[in-house]
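Notes to accompany the following structure.
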Amino acid sequence: MAQASLVPAEILLARRVQEMVLNGEELPPPYVCRDDDPTQVISPTLCSIPIIDFALLSSSSPIPPDIIALQKQELQKLRLALSSWGCFQAVNHGISVSFLDEVRQVGREFFEQPMEEKNKVCKGVKEIDGYGADPVPEEGQSLDWSDRLFLSVYPQDTRNYTLWPTNPPSFRGVLEEYSRKTMEMTEVVSKGMARSLNLEENCFTNQIGEGPTLQARFNYYSTCERPDLVLGLKPHSDSTAFTILLQDHEGLQIHKDGKWFTVPTIPHALLVLLGDQMEIMSNGVFKSPVHRVLTNSERDRLSVAMFYQPAPSQEIGPEDGLVSEEQPKLFNKVKDYGTIYWDFYQRGMRALHVARV
Ligand SMILES: O=C(O)CCC(=O)C(=O)O
Ligand SMILES: [Fe+2]
C-alpha cells in the first residue's frame, strides 16, 4: 500500500480501472475520497424524482380542451421539478425501450471487450475525446472509479470517426440513431422549459442558437471493493444547457437540501439533468443540481450521458422575460462557458459564480 501511494495520477489515469479490477490489484490511494456521512444517503424508495410525460409537453395543434388542461398541469410539474430537483425522469419520449436496451447493450459490449480492442480508440491522458479517463485533475483531487468513451456527435462535422469503435459492429449505427433521437428530444425539452415559465417557446432554442453541440459519454463503473471510500464520479454539476442520461442500474445521486438522494432507475425513462448554462438562461429559476455516482461492490454499472450545449461562440444570458424589479438579473452574459467550467471542474469546484452579477 505504501508503494502504491507513490504512483502518480497520470500513471494511474493512463490505465483503466476495469483492468485493475480484473487483475485483482490493490486499491490505489488516489481513488480514495469518501468522507461524507453515510446516514445522509436516502434510499431510493424515499426519493421521488418527478416523472414528466413528454407526450404532454409537445405543443402540436390542434389540441382538445381536456388535453390542454393536462398539458398545463404537466408544465407546472416540469417547472417545479426543475426549480427544486433540477432534473426529471422523462417518459413517453418516443424512444422505445427496446432501442434504449440496444444503446445500453452496445455500450456494455464495447467495455466487455479485451483491452487490446478498446485501445484501438483510446485517447491520450490529456485529451477528452476517445476511450480512457478524464485528464489529470489538480493535485489533491481524488480520481473517479470509472472508464469512459467520449465522442462528439453534433455538429456532424465534429464527429471523429477514427475514435468510434468498430466493435461491436452495430455501435456506430446505434449511436448515430440515438444521437438523432436525443437531438430531437432537446427541442421538446427546451420548448417545454420555456412554456413552463410562460415564455415564448423558442426563446431557449434561439439563445442556444445554430450549431449546438451534443456529446456522448459512455461511463462504465467497475465493481469496487470499497464503496465506502471510493466514488464512481465526484460531485459536480454539468456545464451543459442540459444532459440526457440513460442508466442501467442505480448509483447516481442528486444533492438536494443538504442530502444525497439516489435516482431510481426506470428502464424506459431518460433522466434530464439541468446544467449550469440553463440555470443562467433561466436567471436562476431552474437549478443545476450537484450530482455524483457511487460505486458498488457487487454490480458494475453503465450510463450514457448526452451533453447538450450552445456552440462555444454563442453568447447566452438570462432571458429578458425572467428579469424584473422583483427578480433582478443574477447572471451576466457568458460565452464558451464549457471551457471556464472545465478549469474549475478539475479543481473540484463549481464555476457558476464566474457568471454571477
Ligand atoms: O453515470 C451517471 O449516472 C452520471 C454521469 C454524469 O454525471 C456525467 O457524465 O456527467
Ligand atoms: Fe454529470
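Keep in mind that this is a model prediction, so the values were computed, not measured. As the structure lists them, so they are numbered: ligands from 1, and atoms in each ligand from 1.
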Would you please say whether a donor-acceptor pair under 3.5 Å links the side chains of [X] and [Y]?
{"X": "Thr223", "Y": "Asp300", "result": "no"}
{"X": "Ser239", "Y": "Gln309", "result": "yes"}
{"X": "Asn23", "Y": "Glu25", "result": "yes"}
{"X": "His255", "Y": "His291", "result": "no"}

Would you mind listing which atoms of ligand 1 come within a distance below 4.0 Å of any non-hydrogen atom of [X]?
{"X": "His291", "result": "7 (O)"}
{"X": "Tyr221", "result": "1 (O), 2 (C), 5 (C)"}
{"X": "Asn219", "result": "1 (O), 5 (C), 9 (O)"}
{"X": "Phe307", "result": "8 (C), 9 (O), 10 (O)"}
{"X": "Leu233", "result": "5 (C), 6 (C), 7 (O), 8 (C)"}
{"X": "Val293", "result": "1 (O), 2 (C), 3 (O), 4 (C)"}

Under 4.0 Å between a Lys/Arg side-chain N and an Asp/Glu carboxylate O for Lys259 and Asp257?
no
Could you tell me how the ring of Phe218 sits relative to the ring of Phe171: parallel (under 30°), tilted (30 to 60°) or perpendicular (over 60°)?
tilted
Structural part of Thr243 in contact with ligand 1, heavy atom criterion under 4.0 angstrom
neither
Quick look: Leu273 vs ligand 1, heavy-atom contacts under 4.0 Å, and the answer is neither
Does Arg159 make a cation-pi contact with Trp164 (under 6.0 Å, within 45 degrees of the axis)?
no
Report yes or no: is the cationic atom of Arg180 (NZ for Lys, CZ for Arg) under 6.0 Å from the centre of the six-membered ring of Tyr154, at an angle within 45° of the ring normal?
no
How is the N/O/S atom of His291 that comes nearest to the Fe ion (ligand 2) named?
NE2
Of all the N, O or S atoms in Asp238, which one sits nearest to the Fe ion (ligand 2)?
OD1
Quick test: of every protein heavy atom, which one is nearest to atom 8 (C) of ligand 1, and how far off is it to 0.1 Å?
Arg217 NH2, 3.4 Å
Does any N or O in the side chain of Lys234 come within less than 3.5 Å of the main-chain N or O of Leu231, such that one atom is a donor and the other an acceptor?
no
Please indicate whether any nitrogen or oxygen in His236 is less than 3.5 Å from any nitrogen or oxygen in ligand 1.
yes
Does the residue Arg301 have a heavy-atom contact with ligand 1, meaning some pair of atoms that are separated by less than 4.0 Å?
yes
